[in-house]
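Just below is one structure, and these are the notes that go with it.
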Amino acid sequence: MEKMRLNCITRTDVVVIGAGHAGCEAALAAARLGKDTVLFTVSVDSIAMMPCNPNIGGSSKGHLVREVDALGGEMGKNIDKVYIQSKMLNESKGPAVHSLRAQADKRAYSQCMRETLENTPHLHIRQAEVARILVEDGAVKGVETVSGWKYLAPAVILCTGTYLKARCLHGEVSEETGPNGLKRAEYLSDSLREAGLRLLRFKTGTPARVDGRTVDFSKMEEQRGDDPVTPFSFSNRAEDIARPQVSCWLTYTNEATHAVIRQNIDRSPLFSGEITETGPRYCPSIEDKVVKFPDKDRHQLFIEPEGLYTNELYISGMSSSLPEDVQEAMIHTVPGLEQARIVRNAYAIMYDLLDATQLKHTLECKAIRGLFSAGQSNGSSGYEEAAAQGLIAGINAARLLDGKDEFVLDRSDGYIGVLIDDLVTKENTEPYRMMTSRAEYRLLLRQDNADLRLTPRGYSAGLIGEERWQQFLLKQRQIDEELERVKHVTVAPSAEAQCFLEAHASTPLKSGIGLAELVKRPELDYDVLSPLDPGRPLLPPSVREQVNITLKYEGYILRQKQQVEHFAKLERRRIPAGIDYGDVLSLRLEARQKLDRIRPETLGQASRIAGVSPADVAVLQVYLEKHKELTEGMGSAAI
Amino acid sequence: MDRQDIIAAVSTGLTAGGIGIVRVSGEGAAQLCAPLVRIRGLELSEAQPNHLYYGRIEENGAVLDEALIAFLKAPHSYTAEDTVELQCHGGPLVLQRVLEAVLRAGARLAEPGEFTKRAFLNGRLDLSEAEAVMDLISADTELARETAVKQLRGAHSARIRALRDELLEKTAFIEAALDDPEHYSLDGYGESVRPELERLKGSIEALLSSSDDGRVLAEGIRTAIVGRPNVGKSSLLNYLLGFERAIVTRIPGTTRDTIEESCRVGQLVLKLSDTAGIRESDDTVERIGIERAREAVRDADLVLLMWDGTCPPEEEDRALLRLCGDKPALLLLNKADLGLAADPAALESETGRPCFAVSARDGRGIGAVLEKVQEMFRLEEIRQQPVLVTNLRHKALLADAAASLENALETLRSGAPEDFLTIDLMDAYRSLGLIIGEEAGEDLINEIFSKFCMGK
């Protein structure tokens, strides 16, 4: 007689599939908002793993981490705990493009995040492969694992990264594994297709790691971190996280390297046709670089430590899917790496992902209530992009359960808004990386003011604690008061003032001038001018920085604010979810098809769809005006 | 929609009529126009609504026109907004000058159909009219774009493309360096790019001033006369020009080195373009052949297709007929004075084109042709507006682009970091793109990736 199975159903609030950078943020957000959350991973030991580069942040990605932190996410706090080198990039440029990047101790990063998860109430980690999502009547009901255990939940967040039907390749070797040789997710792709979702397939890759004992650093340039460092988290001060730092190293490829690559290019699966998926343009493999940019006689390589616990070094700039013998030969042509021994091969990875245009800005599927998706499974790339999406999905999953309104950031709120809008609006054909040039209003979306922009949103969402909120209010008040005070300070053309200006190579005064005007001079700034401002109160550096930037770039900031006002007009105009574009006469056919496929939530989003012209948007606008009563009658959640 | 915006446009057709109206609509329209309007004894802001005043339109002391001026107070105007109507003398050039002055005073050029759109959005039009409004907006915008492309075909648009390419290249370099500072350095880039930006700004300003040269005067119905050699095209041209010889104007084209001939037919101006080989001998036309005819038809608003009526149509005649595609075209059977071999009525039903027996030598039948032309284009009068709009739109956009570059140069002069530059450079790029109907979209991202080797 067949044995009865015991209870194999668990009821919970939120299920998160995948414990990478998106999954961790999603699970933490949902649990912190009081939702019983089960976080699935194929391996508990791979929680918050960094399978590619050993750093967090970088140009525009650093902005994302600061924004995640400002909203109450974890990534910034976690990297602050475990960084081994930190550097503010673009310091000589304008404040909008300053960007923080920190090298991480990979194992410590993963370990710290795991500790945080394990100590968060309502959060349960479960090692198991999810095989199916359960959908009924256009709403998600939960998931089922390969063993048949059902976890019933009204909200499910896909954070499957690069694991869905993943395949890793180098040379002629092809393995059906996820990153780093981990088990791939075998069944979920089919289940998603059965639920009616469109999937895509992308490719990305990672370079080789070498043994640090076999590297000759004397042939490379040393790259040190900043002293003092800038913390990622707004809740940390520089002195709280000061620690000894390690160096990275710069070296270059050369003609010999390129010759090895060219001679063996036919053995690359990229060029032999074995890989047909499009890879990311911003992070090309070394063979791509050599083929696409034949005029460049060298490419930079950064040699970065993987952590304090290991000798392993990451060769940034040398992602590849060439066979291992070619990898070894090309690495040995590089100054300092002549004797280097490979620990892990470079490889390319292909994986299934969701066509993210099926998602709303909350990252919930338009067609399946309660099913969210975040991270690389939405076609992004990078730990930071993943974390940002995970946070937004987690917040919205919790709000859905509470019957609260949607939590959405738009393009003028932050890089997170730009990221998500691009993902759900544009039909991406390669992994999407954040870039500062994608942010239209970047003078307003600086990494230094992420808290001023977003912490009030994080507080109202429930992720910012009272103590931090009070600190924030104090900072805000100090900035406002100081700006108000400075407005009324004038500097007289005294002998002292003229002497000071002369010493700073600045034009002497003809008459009295506002202190704020002097701050605007390129050779001066707020801090430098303190000798001419005797009434200045003692203020923390973060407050002085805001005062300086606000005064110094006032004109530019004002112009961007005007652009934002213009942008907001279309953005506020919501399109009812049930609109039948067949009813909107005068739309061109291409526009009608695109609108019907992507189903934008606002007129602003519609205007950003490729193939929808300004005339189409005008037509749509008039249609919406005409059917205003209809628009107002329908809730935004209506399907 | 942007209700604070004040919009302006010439709201009468661009025909050589007696009066033309520049309409300015939006809250604050009267204040905006006040500095331009001289009415004896009072300011425009003191004017009684819905009264007509006699006065002058002036800008910086220069009199642009005498005009009748009306201030219509919301909601008692077409758009249901405060509206100023400047009823000027009808010359296109005068209207353009007045409109430009209003735009300089702070109004924005109305988009095609925008007055109507506002009237609708402000509740002046009822729901049943909405569909028509949408059709109008859509059609006019498409027409405007088509017109823009037509006007800009050739050297002019190639120049704008070249300017855009340069702007994009510079922006992409800066952005690539910002996104990947360890691979690309901006040290000294500001200084090296300054003379180039000055040159680009100069080029845009040169384009801007060339568009002032009264090109609009030459606007009218672009008319192509096509037909086989010796069919009588030159005779027809001479006849048309002689028809009202007193008002024939010769206007040097601004984007071509050719002469364009205009003749007035009732309220319409026909622009008989040299591209039809008008003043050239038939032998030359023969050499230039069908390609030239194809080009003429493509650029034309109206085609006068001429066949020799004394003999049956040849294959070449039919080829020319096919060439007309969906353009408005009239079939003229010439040499009616020598006796016709074909029946106009039969050909009309066969070809689907209005068909006329004419004689370019003694002028018979040409009156009927011109009546037909007037009939065809009377319905189109409202659609004439975008032609002017397009021109002014181009000017406004060129001015925007030049201003953006000036902002960029100012940024360089002030010593601000390079990342501030790209904001203005992309603004200029976008403005130029709107002229040739291209948007920015992913251009910058694509340029960065195609020109620069990025990333880890």
Side-chain angles (χ1 to χ4, degrees), chain A residues 52-53 58-60 89-90 92-97 99 207 223 250 280-284 289 292-293 296 299-300 302 316-319 426 433 435-438 440 442-443 520-523 553 556 559-560 566 569 584-588 608 610 613-616 618-619 621-623 625-626, chain B residues 1-2 111-114 117 120-121 127 130-131 133-142 144-145 171-172 174-183 186-187 407 410-411 414-420 422-424 426-427 434 437 439 441-442 444-446 448-456:
Chain A
C52 194
N53 52 315
S59 187
S60 76
L89 304 176
N90 283 331
S92 63
K93 312 298 185 306
V97 294
S99 221
Q223 310 273 305
L250 170 62
R281 289 176 295 178
Y282 55 82
C283 175
K289 292 185 194 179
K292 264 184 74 185
F293 299 95
K296 280 194 81 129
H299 294 276
Q300 279 177 319
F302 288 94
S316 177
M318 228 185 205
S319 152
K426 297 180 178 164
R433 195 198 100 162
M435 298 170 76
T436 62
S437 48
R438 298 191 195 268
E440 297 88 339
R442 71 178 177 207
L443 287 184
K520 289 192 173 63
R521 295 188 176 181
E523 65 278 10
Y553 302 107
Y556 294 100
R559 267 169 58 203
Q560 288 243 294
H566 198 75
K569 278 171 193 149
V584 189
L585 304 178
S586 310
L587 276 180
R588 289 171 316 114
R608 289 187 292 276
S613 74
D616 297 318
V619 165
Q621 187 179 358
V622 172
Y623 177 88
E625 284 290 335
K626 179 185 169 188
Chain B
M1 83 168 279
D2 195 351
E111 289 159 21
E114 193 170 3
K117 181 167 134 191
F120 168 71
L121 295 180
L127 289 180
E131 298 293 338
V133 175
M134 286 188 279
D135 282 342
L136 187 70
I137 292 168
S138 158
D140 277 3
T141 310
E142 287 304 315
R145 179 181 306 145
T171 311
I174 297 172
E175 291 293 335
L178 294 173
D179 258 311
D180 203 354
E182 287 164 327
H183 287 75
L186 286 173
D187 291 348
N407 278 337
E410 180 53 37
T411 295
S414 75
E418 294 85 351
D419 54 300
F420 288 89
T422 62
I423 293 168
D424 292 317
M426 278 315 279
D427 279 349
L434 289 174
E439 288 174 59
E442 296 284 286
L444 178 59
I445 304 290
N446 291 334
I448 291 173
F449 289 136
S450 70
K451 293 274 169 68
F452 303 100
C453 181
M454 300 283 292
K456 50 193 200 249

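Small disclaimer: the values here were computed from a predicted structure and weren't measured. Values below: every heavy atom of this structure, side chains too, minus hydrogens, waters and symmetry copies. Chain letters run A, B, ... following the sequence lines, proteins first and then strands; every chain starts at 1.
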request  = Please name the pair of heavy atoms, one in B:P181 and one in A:L89, separated by the smallest distance, quoted to 0.1 Å.
outcome  = CG-CB, 4.2 Å

ask   = Would you call the rings of B:F420 and A:Y553 parallel, tilted or perpendicular if under 30° counts as parallel and over 60° as perpendicular?
value = parallel

ask   = Under a 4.5 Å heavy-atom cut-off, does chain B meet the side chain of A:L443, its backbone, both or neither?
value = side chain

task = Could you tell me which portion of B:T411 (side chain, backbone, both or neither) has an atom closer than 4.5 angstrom to a non-hydrogen atom of chain A?
result = both

message = Do the side chains of B:E175 and A:R442 get close enough for a salt bridge, i.e. N-O under 4.0 angstrom?
response = yes

query = Roughly how far apart are A:S60 OG and B:L178 CG, rounded to 0.5 Å?
reply = 10.5 Å

inquiry  = Restricting to non-hydrogen atoms, name the atom on A:S92 and the atom on B:P417 that form the minimum distance, rounded to 0.1 Å.
reply    = O-CB, 4.3 Å

query = chain B heavy atoms under 4.5 Å from A:Q560: which part of the residue, side chain, backbone, both or neither?
reply = side chain

ask   = Checking heavy atoms, do the side chain of A:R559, its backbone, both or neither come under 4.5 Å from chain B?
value = side chain

key: Closest non-hydrogen atom pair, B:D179 against A:S437   = OD2-OG, 3.8 Å

query = Heavy-atom distance under 4.5 Å to chain A: side chain of B:D187, backbone, both or neither?
reply = neither

